[in-house]
Amino acid sequence: MSLTLPAPVSDPLDGDGHRGGAPRVPVPDLAAFSAHANTRLRESDSVLYDLLARESARQHETLMMVAASSVADPSVLACEGSALGNLTAEGYPGNRYHAGCGIADDIERLAIERACAAFGAQDAIVQPHSGSSANLAVITALLSPGDSLLGLDLDCGGHLTHGSPASVTGRYYRAHGYRVTPEGLLDYDQIREMALKHRPKLIVCGASAYPRSIDFARFREIADEANAYLLADISHIAGLVAAGLHQSPVDHAHVTTTSTYKQLYGPRGGLILLGREARRPGPERGTLAATLRRAVFPFTQGTPDLASVAAKARALAFVASPDFAEVAKRLADGAQAIAERLLDRGFRLVTGGTDTHMVLLDLRGSGVTGDVAEEALEACGIVVNRNRVPGDTTPVRVTGGLRLGTNTLAARGMDRTVAAECADLVADVLTALAAPGGSLPDDLRDRVRTRVGELCAAHPLPGYLP
Ligand SMILES: *Cc1c(COP(=O)(O)O)cnc(C)c1O
């Protein structure tokens, strides 16, 4: 598709927004409007306002180490909270089902252009409401109900939408799951064997809980040998990919998907990216890109959320900027530092380390379960998530592991020294819990909480304080 913006339709407004001859309609200045909107919320709905204010404070004061989480720049939040939320623009740029979409078209084209620039993609679909919606669109576009797909097993770090029976992707399709080795690593020979045995129409690679790099080129070889499409879901590592710190799947996979609120520091939402296969014929009429557009709208979604599309455009501009390279480097350095420190402190890590922003702590045998660790750490101001580790037999709500990530640490400018200290704080809490009769002593909780507060004050959320 063409990425050049169309000439604007002739603008009936004069220089200061006045329509010649018509009565002047007062239009608020955007920046003043934001303050007004918040004041209005406080005055009209103090219950909701207090909840929002408390959540804001919580984010400033806690050490967010959930690997799937990040923090968007206030300029991204401004897009999400903008008047674009009022805009209905069913369809695609230049092809809408409503009048009044000229500005929507420009915004969506800008988001597409920036997505392509950030990832070196040929084409992008920016309307998916989430990473899950993006995956659902791809799967419904390429497979018919009952067709088979091959994805990483949920227990081994895969995502629900990669064929879990709890998801439509495992219910309406014949899903097969490949597993990791006892060390927690992908086993490409096993994947190839399963692909040749089950002959899936689609192979899904990418993960939610896998700390090592993924060889997308190798996955494509396997897909070609098995005559399957390859979907690469880079939801967790999209920032590292964009920064060139992880191999990019964009030209290896037939289709690449990602969430936008994790390592892209954007809004809730998803993206579909196409590389060299964008213009190949799809399974039915038109190109692969056209097939996937139809799969998003009208097949699995209705109207797009233009506020979210604008927020994606804003986030992607940052991802494509030179400043992002520094954040990406801190993502990887911080995770390395955390892994090294936890190993020094005697903890066991899935795969023994990390190549990404993620560290998976294997707590089995330590006497501490994931749920207890998660709760104790939260009491200290450190937010993590319990996670099953490969071979885990503990119940899903208990789990034998913890997943840590550096997205928010990196955004706050925390370098490897600070990241290592964060790992020490986590280790201090876990060590206390693991001691015989282990619990979290009040003095330890207070000490960690105080230090967390100091670290957060020294590294404020980026751009949040005027
Ligand atoms: C988080 C995640 C998703 C889902 O994204 P949502 O936007 O939360 O729906 C999809 N795939 C993987 C691998 C993920 O980690």
Side-chain angles (χ1 to χ4, degrees), residues 3 5 29-31 33-35 37-38 41 52 55-56 59 64 66 68-93 96 101-119 121 123-134 137 234-236 238-239 241-243 256-273 296-297 301-321 323-324 327-328 407-408 410-412 461-464 466:
L3 297 175
L5 301 179
D29 168 74
L30 263 194
F33 179 72
S34 295
N38 279 295
L41 177 63
L52 298 193
E55 173 58 18
S56 168
Q59 292 180 16
M64 170 46 80
V66 172
S69 177
S70 75
V71 55
D73 189 84
S75 62
V76 172
L77 300 184
C79 296
E80 283 199 282
S82 71
L84 290 171
N86 297 333
L87 179 58
T88 298
E90 193 175 32
Y92 285 105
R96 305 280 186 188
C101 296
I103 295 169
D105 285 3
D106 286 356
I107 288 169
E108 187 166 343
R109 286 195 175 104
L110 190 62
I112 292 167
E113 195 177 303
R114 289 178 176 180
C116 290
F119 289 97
D123 200 352
I125 305 172
V126 298
Q127 290 192 7
H129 297 320
S130 69
S132 298
S133 310
I234 56 168
S235 287
H236 260 274
V241 167
T256 298
T257 55
T258 180
S259 314
T260 50
Y261 65 90
K262 296 177 185 169
Q263 220 166 58
L264 299 179
Y265 301 98
R268 311 276 106 203
L271 285 181
I272 298 176
L273 302 163
V296 174
F297 170 82
Q301 285 191 180
T303 53
D305 177 355
L306 262 299
S308 171
V309 169
K312 288 172 197 175
R314 177 66 211 120
L316 288 162
F318 175 58
V319 166
S321 77
D323 288 349
F324 188 70
V327 176
N407 291 349
T408 303
R412 295 183 94 137
L461 294 179
Y464 276 65

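All residue numbers refer to positions in the sequence shown, counting from 1. Any value given below was found using the heavy atoms of this structure, including those in side chains, with hydrogens, waters and symmetry copies removed.
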Residues A115 and A124: closest non-hydrogen pair is CB-CB, 3.7 Å

Value for OG (S308) from CG (L84), rounded to nearest 0.5 Å, stands at 10.5 Å

*Does any donor atom in the side chain of D323 or S321 lie under 3.5 Å from an acceptor atom in the other side chain?*
no

Rounding to 0.5 Å, atoms CG (L461) and CZ (R412) come to a distance of 4.0 Å

Side-chain donor/acceptor of Y265 to backbone N/O of N407, under 3.5 Å: yes

Do I234 and T257 pass the side-chain contact (heavy atoms from CB on, under 4.5 Å) test, and can you show the C-alpha distance, the side-chain angles, and the key distance before you say yes or no? CA-CA 6 Å; I234 56 168; T257 55; over 6 Å; no

- Message: Working note: L264 + F119, criterion side-chain contact (heavy atoms from CB on, under 4.5 Å); need CA distance, chi angles, decisive distance, verdict.
- Response: CA-CA 11 Å; L264 299 179; F119 289 97; 3.8 Å; yes

Exercise for review: For the pair Q127 (side chain) and G91 (backbone), establish whether a donor and an acceptor sit closer than 3.5 Å, ignoring hydrogens and angles.
Suggested key: yes

To the nearest 0.5 Å, atom CD of E113 lies from atom CG of D106 at 10.5 Å

What one should report as the nearest heavy-atom pair of A307 and G85 is CB-N, 3.9 Å

Between A411 and P462 the two heavy atoms that sit nearest each other are O-CG, 3.4 Å

In terms of heavy-atom contacts, V319 and A242 come closest through CG1-CB, 3.5 Å

CZ of F318 to CG of D73, rounded to nearest 0.5 Å, is 7.5 Å

Partner of V126 under side chain to side chain contact (heavy atoms under 4.5 Å, CB included), picked from I272, L271, L110, is L271

Smallest heavy-atom separation, A243 atom then A328 atom, equals CB-CB, 3.3 Å

When rounded to the nearest 0.5 Å, the distance separating CD1 of I112 from CG of L316 is 11.0 Å

Taken to the nearest 0.5 Å, the spacing of Q263 CD from F324 CZ works out to 6.5 Å

Do the side chain of K312 and the main chain of G270 share a donor and acceptor less than 3.5 angstrom apart?
-> yes

| said: Any side-chain to backbone donor/acceptor pair from S130 onto S132? Under 3.5 Å, distance only. | reply: yes

Around L77, counting heavy atoms of other residues, nucleotides and ligands shown, do more than 12 lie under 6.0 Å from its CG?
yes

Worked check of side-chain contact (heavy atoms from CB on, under 4.5 Å) between V296 and Y92
CA-CA 11 Å; V296 174; Y92 285 105; 3.5 Å; yes

Shortest non-hydrogen pair, A315 vs G266, comes out as CB-CA, 3.5 Å

>> Treating R114 as the side-chain partner and A317 as the backbone partner, does any N or O pair qualify as donor plus acceptor under 3.5 Å?
In response: no

Can you tell me if S70 uses its side chain to pair, donor with acceptor, with the backbone of K262 under 3.5 Å?
yes

> Going through the distances and angles, do V76 and Y261 end up as a side-chain contact (heavy atoms from CB on, under 4.5 Å)?
Replying inline: CA-CA 10 Å; V76 172; Y261 65 90; over 6 Å; no

Exercise for review: May I ask you to decide whether R96 forms a salt bridge with D105, counting only side-chain N to carboxylate O separations under 4.0 Å?
Suggested key: yes

